[in-house]
Amino acid sequence: MAAATGDMPTYQIRAPTTALPQGVVMATSPGSLHSPQQLAEEATCKRELRLMKNREAARECRRKKKEYVKCLENRVAVLENQNKTLIEELKALKDLYCHKAE
DNA sequence: TGCTCCGATCGTCAAGGAGC
DNA sequence: GCTCCTTGACGATCGGAGCA
């Protein structure tokens, strides 16, 4: 199923040149000595680099989240065991107390 | 066997925070 | 203010399970 804008997902391969109308050159760009084509190439490179970094960051983020969830699950298991043990201990003490009281 | 549904995973966008 | 990082949200894709 495609996005409402057409047959291409909105986020995909959106040309960086869309930020500026065609033929418009940024007057105060740091590399003002570059031709418009060079500027476009630079923008493309920057975008690709950013996407690549974010891709990696997202992977790492998901890995950390998974690890965190696993830790929490382990903790739950440990606490459940502790709880079980304490309940049994309490039961045993109650039994002992009852028999002594008789 | 083709179809549908569902959960997992991925890439991307956008917002917000931190450091400079 | 700008840049970079982190992360929630979203849509796309894939693989497996269940069904007609």
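Numbers restart at 1 for each chain; the letters A, B, ... are given by sequence-line order, proteins then strands. Just so it is clear, the structure is predicted and the values come from calculations on it, not from any experiment.
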What is the distance, to the nearest angstrom, from the [atom1] atom on [X] to the [atom2] atom on [N]?
X	N	atom1	atom2	result
A/K70	B/dA8	NZ	C1'	14 Å
A/K66	B/dT9	NZ	P	4 Å
A/L51	B/dT12	CG	P	5 Å

Value rounded to 0.5 Å, distance of [atom1] in [X] from [atom2] in [Y]:
X	Y	atom1	atom2	result
A/L79	A/N74	CG	CG	11.0 Å
A/E88	A/N83	CD	CG	10.5 Å
A/K53	A/E48	NZ	CD	14.0 Å

Can you pull every protein N or O that's under 3.5 Å from an N or O on nucleotides 3-7 of chain C?
| from | atom 1 | to | atom 2 | distance (Å) |
| --- | --- | --- | --- | --- |
| C/dT7 | O4 | A/N54 | ND2 | 3.0 |

For this session: Would you state whether a donor and an acceptor, one from the side chain of A/R62 and one from the base of C/dG8, lie under 3.5 Å apart?
Result: no
Exercise. Counting just side-chain N and O atoms, does A/R59 come under 4.0 Å of either OP1 or OP2 of B/dG11?
Worked result: yes
Exercise. Is it true that a side-chain atom of A/Q38 and a backbone atom of A/S35 form a donor plus acceptor pair closer than 3.5 Å?
Worked result: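 Between the backbone of A/S35 and the side chain of A/Q38 there is a qualifying donor-acceptor contact (under 3.5 Å).
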For this session: Kindly write out the residues that satisfy side-chain hydrogen bond (donor to acceptor under 3.5 Å, both in side chains) with A/E56, not counting sequence neighbours, or none if the list is empty.
Result: A/R59
Problem set entry | Residues in side-chain hydrogen bond (donor to acceptor under 3.5 Å, both in side chains) contact with A/E60, at least two apart in sequence or another chain |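 Once residues adjacent in sequence are excluded, the partners of A/E60 under the side-chain hydrogen bond (donor to acceptor under 3.5 Å, both in side chains) criterion are A/R63.
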